[in-house]
Number of protein chains: 2
Amino acid sequence: MTRVLVVEDEPQLLRALGINLRAVRYDVSTAATGSDALRLAAERPPDLVVLDLGLPDMDGTEVVAGLRGWTDVPILVLSGRSDSGDKVDALDAGADDYVTKPFEMDELLARLRAMARRGVSNEDQPIVTFGANTVDLAARRISRAEDEVRLTPTEWHLLEVLVRNPGTLLSQRQLLLEVWGPGYETARGNLRLYMGQLRKKLEDDPARPVHLLNEPGMGYRFQP
Amino acid sequence: MTRVLVVEDEPQLLRALGINLRAVRYDVSTAATGSDALRLAAERPPDLVVLDLGLPDMDGTEVVAGLRGWTDVPILVLSGRSDSGDKVDALDAGADDYVTKPFEMDELLARLRAMARRGVSNEDQPIVTFGANTVDLAARRISRAEDEVRLTPTEWHLLEVLVRNPGTLLSQRQLLLEVWGPGYETARGNLRLYMGQLRKKLEDDPARPVHLLNEPGMGYRFQP
DNA sequence: AGCGGTCCTAACGAAGCCCTAACGCCGCCG
DNA sequence: CGGCGGCGTTAGGGCTTCGTTAGGACCGCT
């Protein structure tokens with residue numbers, strides 16, 4: 001049976017994860033702190049690790065580094081909305097994939113399956129191509145016709161939300177809530193600004209977007 | 001017994017909901033704020049959630065997201081006339097159904113039964129097909145014979161109301177109230193206008209509609 | 001302190017959408 | 001046969017939304 005180590009300090013979420021994972025026949029062990037996690041992993045090396053970044057005792061990056069020092073076990077990171085910086089650091093430190101809270105349990109399970117299937121340390125398919133662009137969400141890189149495209153953190157966040165919902169129309173309220181957080185639901189001008197930036201960097205003809213589309217009065221849509 | 005969590009801040013409505021739900025043998029627990037709701041749901045996961053969008057402490061979307069982060073429990077949203085934007089966002093965030101205030105208690109109970117029957121972890125049916133059209137309500141997308149059809153916000157709203165009540169005759173007053181809100185009950189010309197737009201975009205022969213039908217003096221009917 | 005980069009606000013044409021009004025058409029009734 | 005009301009369609013003005021540019025505030029870094 002596949003052994004999963006879940007590292008999560010919120011009891012409710014820990015419980016929910018345990019139930020769901022056991023329901024699909026994983027052998028689950030849990031830890032509430034980073035040090036516990038490292039100790040447990042050393043005692044009985046798991047096949048997969050689910051790691052919340054918001055731990056009380058250690059930085060998520062340190063936990064990843066502590067594991068990566070001696071094992072290639074696939075690590076899936078759970079990141080809250082506010083930890084986007086930590087998330088990037090964790091991926092750089094060697095995590096394999098991530099899911100942003102709040103997440104669908106289905107999605108988490110799917111990503112876990114993908115990681116288990118690939119076996120050891122391979123990338124998921126957070127790689128999306130559209131037009132001349134190749135977007136690697138996990139590595140945070142974009143190449144556009146052999147060139148590198150550089151995006152600011154906010155641009156990344158916005159693009160990420162769009163790319164993760166291909167073909168779906170996202171209301172401006174939804175986007176603002178996801179990217180800027182509560183309290184910015186009315187800053188529509190901001191959204192227009194950053195959508196413009198993305199188009200300028202990613203569209204062949206920024207004045208006539210093909211992939212980053214607006215539907216007046218409704219919201220924006222990413223069309224692969 | 002089926003457990004229902006009711007999230008409602010108006011005491012009278014909360015009381016009415018409690019009485020009616022208990023009368024039909026639901027096990028009811030209640031919360032007056034979003035944070036209470038999340039806490040209660042975590043402690044004793046309910047089988048159904050009835051959620052008012054107009055809560056004092058949190059945005060309805062956040063509550064839905066907070067639940068969807070770890071559970072697939074069916075969520076029915078109560079939305080006031082003024083929260084129509086919130087309602088859409090709540091559905092996008094993962095709510096399963098909604099009822100507009102003021103509502104008939106019978107209808108709410110019926111929709112609750114429908115959600116319970118579908119059971120946990122079953123999705124809505126946000127995809128409807130009629131004629132050459134495929135309507136994806138969640139993604140806000142319509143394809144018509146390989147082509148994309150673009151609808152304005154008002155057209156979407158109107159179509160949504162019709163599609164959610166297939167085969168049912170909806171009075172003009174009902175439609176006007178739902179789409180345009182109070183104060184526009186007499187703007188019949190408006191309804192004719194937008195019905196025409198929908199027919200032009202969705203019917204094979206707009207002059208001889210097959211799916212978007214009028215019953216003179218009565219109202220309109222959507223025929224799948 | 002200076003500087004490059006990022007983020008936010010304000011402002012302004014341009015485009016799109018919504019509503020009102022008006023005109024034909026049809027069926028119904030006197 | 002003529003009036004009447006409901007329906008469908010078209011056209012135009014007012015308003016909202018969108019894309020874009022410019023400028024200033026706020027970092028972290030040298």
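Each chain gets a letter, A, B and so on, in the order its sequence line appears, and its residues count up from 1.
- Contacts classified as salt bridge (charged side-chain N to carboxylate O under 4.0 Å, His left out) and involving residues 180-199 of chain B (residues at least two apart or in different chains) are not found.
- Side-chain contact between Y98(B) and L53(B) is absent, with no heavy atoms from C-beta onward closer than 4.5 Å.
- Tested against I142(B) for a side-chain contact (heavy atoms from CB on, under 4.5 Å), the candidates V135(B), T134(B), D147(B) yield a single pass: V135(B).
- Across all their heavy atoms, T33(B) and L55(B) have their closest contact at C-CD1, 4.3 Å.
- Electrostatic pairing of R150(B) and E155(B) does not count as a salt bridge here, judged by no charged N lying under 4.0 Å from a carboxylate O.
- Here the side chains of L67(B) and I75(B) are in contact, with some heavy-atom distance below 4.5 Å.
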For nucleotides 7-22 of chain C, read 5' to 3', which letter fits each nucleotide if B means a protein heavy atom sits under 4.0 Å from the base, S means only the sugar-phosphate is that close, and - means neither? BBB------SSSBB--

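- At its two ends the helix from dA1(C)-dT30(D) to dG30(C)-dC1(D) runs along axes set 20° apart, each axis drawn from five pairs and the angle rounded to 10°.
- Nucleotides of DNA chain D that come within less than 4.0 Å of any heavy atom of chain A span, from the 5' end to the 3' end, dT17(D) to dT21(D).
- The pair K101(B)-E10(B) meets the salt-bridge criterion, since a charged nitrogen lies less than 4.0 angstrom from a carboxylate oxygen.
- Here L40(B) pairs with L5(B), A31(B), E43(B) under the side chain to side chain contact (heavy atoms under 4.5 Å, CB included) rule; sequence neighbours left out.
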Enumerate donor-acceptor pairs with a distance under 3.5 Å from any side-chain N or O in residues 204-212 of chain A to protein atoms, sequence neighbours excluded.
from	atom 1	to	atom 2	distance (Å)
D204(A)	OD1	R144(A)	NH2	2.6
D205(A)	OD1	A207(A)	N	3.2

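- For R141(A) and D136(A), the salt-bridge test fails: no basic side-chain N is under 4.0 Å from an acidic carboxylate O.
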